[in-house]
Each structure stands twice: as structure tokens, then as C-alpha cells.
*Asks:* 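Have a look at this one.
Keep in mind that this is a model prediction, so the values were computed, not measured. Note on naming: letters A, B, ... go to the chains in the order of the sequence lines (proteins, then strands), and numbering restarts at 1 for each one.
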Amino acid sequence: MQTNIQERIWAEIEDAAENPIVISHEYLDDEQLPQERQFEVLTEIFNTNVRTHEIRTISNHFSPVFRNGHPTHLSVIGSTGTGKTITIRWFLAQIEKFCAGKGIPFQQVHLDLCCPTPCFRALNNLACLLDASKRYRKGVSLEEIMGRVEAKLKSSDGYLAVFVDEADNVRTDFNTFYQFLVKRLPKRIGARLVLIFTSNRLDWMENLDPRVKSCLKVRELSFKSYDADSLKRILTMRVKKALQPSRIEEGVIDKIAALASQQHGDARKAVNLLRRSADLAEQDRTAITLELVDRAYEEIERDKYIDMIRSSPKQLQAALYAALTGKPRTGALHTGPAYLVYERFCSETGLRPISQRAFSDLLYELDMYGFIRARTVSRGRYGRTKEIRTSFSRAIMCNLVRTIRETFSMPPGVMPL
DNA sequence: TGTCCACAGGAAATACGGGGGT
DNA sequence: ACCCCCGTATTTCCTGTGGACA
């Protein structure tokens, strides 16, 4: 009996090893792919007429570098997954190479503000990238950091390209940061400064202090979402590199491209869907079929919320727990009763409860992330409050509740109706 | 028509933690 | 050891408010 099982396992492993669908995983996940490989893939994709217009615009923009001129700054707008970041990085790498060939000093740094960052940290990161300062968490004045950056670059020459990725993510002192970058820094360093911003908000510069804004001469370039056709080329490229082409049913690429372009035109999500489908196919020992794409799509949707809540702060998890398990007496759940549930949850788990005011903000945050819909309504003499509703299926809701109970190491418990 | 509910949500105050300089 | 600086989270205090109800 035992050998029987062992043999079967071994046979499974051999079978899976002999007939893999995925030949190289890293081409389905850019995180695993070293930068050079990423650039190679990108070069190939650009060669199939994807983003031709954008590349041409950026090239034009930077052409003054080779005529001893000074390009203005560049602001790139486009939603997530349109390839802003990788395209700019690719392009700057190319320019760097050309400049090296022609003996033009060209330095570039990539300041990635992928999550909301206070002015201080953004400046500190910049200083670190320029090797002008060590990393501080707190405790140093802004002036000090600015001074170090300036001192470092005082005697630089040629060009300095500062790529501020997700430029609208500077949270506090938004203006201080950009005043430094736009007005102050160019005057105090040797090299000619070229700023490149990306953002997914069209109006991100509207919040700028008018004095800074008037100083900031930018060319705007927008990256439109990928259409199904471009996505298809991108996917075809990935398939060629990563998968066994004979194991893909006809129409799969079309379907993934169609699904992704309908949604947001996000290439990352399209590739992710491809990978998920391939994983399912390997599990089932089948080819990648249209049905599997559907299944993978559903799984991604389901896991999205679980992953999100798992990586959220405890207080937010507790608030979601209250919002999901609080029983409305009639209609929707309101802030007050939800807060009572939250308080009970806190006393059960030993979490320090926060005030109702702060709790209300958490509900708002949950709404932003799409976990709940919290609408403020007036109920006449019964006061103003938020109406909390969820749109999850029961299965996802149970999953979420279980996940939260797990992170607080509570027994699984019974899901209230 | 006025009252009053049960909060919303803004602003300021406070607490806290981390870090530098002396 | 002490004080100062900085950022973040939270509390405290406050004014505002849409509409059911008398």
C-alpha cells in the first residue's frame, strides 16, 4: 500500500516534470526578472509597434541633450499598468548608454514614491540615491538633507535626470518638496537638471503652489491604457518566452487580452491572469483552456481582498470585522452599532480600542479600498450616520472573517447570519 | 415650522516614538 | 542625560446637518 502511494506520487512528479506548461516562470512575473531581462523583453515589445508614439515623443524631448541644450521637464500621465515606469527607466538607460558613447556626462536617479511618502522621507531617499546622505528615519531637519544633496551635486556637470515616480505621492509638505526640486536645486548645482514625473492623476500638479507651478516648465505626455491589440502582442511575447505553445488552446490569448482591456488595460494584470491560468492548467494536467481563464479570473478576484486585508493594519482589520459581522436590526448597519461590535471584538482580542471618531475614519478607508460601501445618510430625527453595506458573496465574506480571526489567533467561530 | 437626533467631519491638541546634537 | 526636531496616530473638542416628527 505504502509503496503504491509513493509510486503514484513519483509518477505524478515525473509526469509534471516531463510535460511542463510553464518553461520559465520568471517571464510571467516581472518581480523575478532581473532588470536587464526586463529591458530586453521591453525592447522586443517596442519592436512590435507598441508605444511607438510615446517613445518618439520622449526621444524628441531628450534630443537637446545631444546638442548641448537643456530639455524642459517631463510629466507622464497614465493609469497603473500602462508601462510608464518601465518605459521611462528603459529610456533613461538607453540615453545613459548613448551619452557614455559620446562622452556626455549623464546621471540618472529613480526616486520611487510607490506609496504615500512624507516630504522628509522623499528627500531623504533622494539623498540616498545620490549617495549624499545616509538613511534617517526621523530627527534631521529638512534643511540639513537639502543641504547635503546640494553639496553633493555642487561640482557635478553634464545632465542629471531625476525620475520622480508617482509624483503625487508626496503627502505632507508637498510644496516644500517641489519647491526644492524645481526652484532651488537647479540654481545650486553644476549639472543641468531634468525632472521626469509620473502620476496616474491628470491634475496632480494642480495642488502645487502657484509660485512653483509658474516656474515649472513641463511637457506633458499621456500613456493611454493598452487596447486589446497591444495587450495581445505583449501576451504573445510572454507566451513565447515562458510557456509551451502547444499547451495553449486557441483563443486564450484573445480572451485574456479582451478581459484585461475591458477592465483597465493593465498589462500587469493581463500577465498575471495568464500566469494564474497556466498554474491551474499545470495542476489539472490540461492545456490552458478558455474555462481555466475564467476560473483563474475568479480566483484572482477572490484572493485580492484576502491579501489586502491580511497586509492591512490591525485596527483596519478589526473595523472590517465589525462591519462584516455587525447585524443590522433593519436595513443597513450604522456607525454606532458597528462601533459596539468593534469594542467587543477589541475586548475579546486585547486590541486597544480607538475612539469612535477614528473608527469612523477607518470605515471611510474600508470604503475606499472597496471592502464596504459606507454612505452617509440622514435618518431625520434618528440622526445622521453612515450606512454600511457589503457587496461580497457569502463565501468571500466568510473567508475574510476567517482570515481576520486567524490573524488575531481567535478560534474559527461561527459566522453569524 | 421648529426641534432634535446621532452622528459627520474639521481643527487643534496631545501622545508617542525615534533620532540628532551637545 | 538632556533638549530639540520631526512624523504619525489618535483624542478631544467642536460645529454642522438632513430630514422625520410633533
*Asks:* State whether A:Ser360 places a side-chain N or O below 4.0 Å from either non-bridging phosphate oxygen (OP1 or OP2) of B:dA8.
*Replies:*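 Looking at the OP1 and OP2 atoms of B:dA8, one of them is under 4.0 Å from a side-chain N or O of A:Ser360.
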*Asks:* Going by modelled atom types, is there a donor-acceptor pair between the base of B:dG10 and the side chain of A:Arg357 at under 3.5 Å?
*Replies:* yes
*Asks:* For A:Tyr342 and A:Phe359, take the angle between the two ring planes, folded into 0 to 90°, and tell me which bin it lands in: parallel under 30, tilted 30 to 60, perpendicular over 60.
*Replies:*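 Rings of A:Tyr342 and A:Phe359: tilted, as their planes differ by 30° to 60°.
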*Asks:* Expressed in angstrom and rounded to an integer, what is the separation of A:Asp361 atom CG from B:dA8 atom P?
*Replies:*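 It is 9 Å, rounded to the nearest whole Å.
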*Asks:* Identify which nucleotide among C:dT10, B:dG9, C:dT17 has an atom closest to any side-chain atom of A:Gln315, counting heavy atoms from C-beta outward.
*Replies:*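 Nucleotide nearest to A:Gln315's side chain: C:dT10.
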*Asks:* So, does A:Ser378 get its side chain near the phosphate of C:dG19, meaning an N or O under 4.0 Å from OP1 or OP2?
*Replies:* no
*Asks:* Looking at B:dA8, C:dT10, C:dT17, which one has an atom nearest to any side-chain atom of A:Ile354?
*Replies:*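 Ranking B:dA8, C:dT10, C:dT17 by closest atom to the A:Ile354 side chain puts C:dT10 first.
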*Asks:* I need the CZ-C1' distance between A:Arg352 and B:dA15, as an integer number of Å.
*Replies:* 10 Å
*Asks:* Please state whether the phosphate of B:dA8, meaning OP1 or OP2, lies under 4.0 angstrom from any side-chain nitrogen or oxygen of A:Lys386.
*Replies:* yes
*Asks:* Between P on B:dG19 and CG on A:Asn124, what's the gap in Å once rounded to a whole number?
*Replies:* 12 Å
*Asks:* What integer distance in Å separates A:Tyr364:OH from B:dC7:C1'?
*Replies:*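 Going from A:Tyr364 (OH) to B:dC7 (C1'), I get 17 Å.
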*Asks:* Could you check whether A:Pro353 gets within reach of a base, just the sugar-phosphate, or nothing at all, counting any heavy atom under 4.0 Å?
*Replies:*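 Result for A:Pro353 = sugar-phosphate.
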*Asks:* Within this structure, what is the CD-CD1 distance for the pair A:Gln94 and A:Ile55, rounded to the nearest 0.5 Å?
*Replies:*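 Reported to 0.5 Å precision, the distance equals 8.5 Å.
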*Asks:* How long is the line joining CG of A:Leu363 and P of B:dC7, in whole Å?
*Replies:*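 To the nearest whole Å, that distance equals 12 Å.
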*Asks:* In whole angstrom, give the distance that lies between atom OH of A:Tyr382 and atom P of B:dA8.
*Replies:*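 Distance, rounded to whole Å: 19 Å.
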*Asks:* Are A:Arg188 and A:Phe180 in a cation-pi setup, meaning NZ or CZ lies under 6.0 angstrom from the ring centre and within 45 degrees of the ring axis?
*Replies:*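 No, A:Arg188 and A:Phe180 do not form such a contact.
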*Asks:* Could you tell me the separation between the CG atom of A:Leu333 and the P atom of B:dA6, rounded to a whole number of Å?
*Replies:*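 About 16 Å, once rounded to whole Å.
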*Asks:* What is the distance, to the nearest angstrom, from the CZ atom on A:Arg379 to the C1' atom on C:dT17?
*Replies:* 14 Å
*Asks:* Over 60° means perpendicular and under 30° means parallel, so tell me whether A:Phe371 and A:Tyr305 are parallel, tilted or perpendicular.
*Replies:* perpendicular
*Asks:* On DNA chain C, compare the nucleotides closest to A:Arg381 and A:Arg384; which residue's is nearer the 5' end?
*Replies:* A:Arg384
*Asks:* Which of these nucleotides, C:dT11, C:dG18, B:dA8, is closest to any side-chain atom of A:Thr376?
*Replies:* B:dA8
*Asks:* In terms of relative ring orientation, are A:Phe163 and A:His110 parallel, tilted or perpendicular, with 30° and 60° separating the classes?
*Replies:* parallel
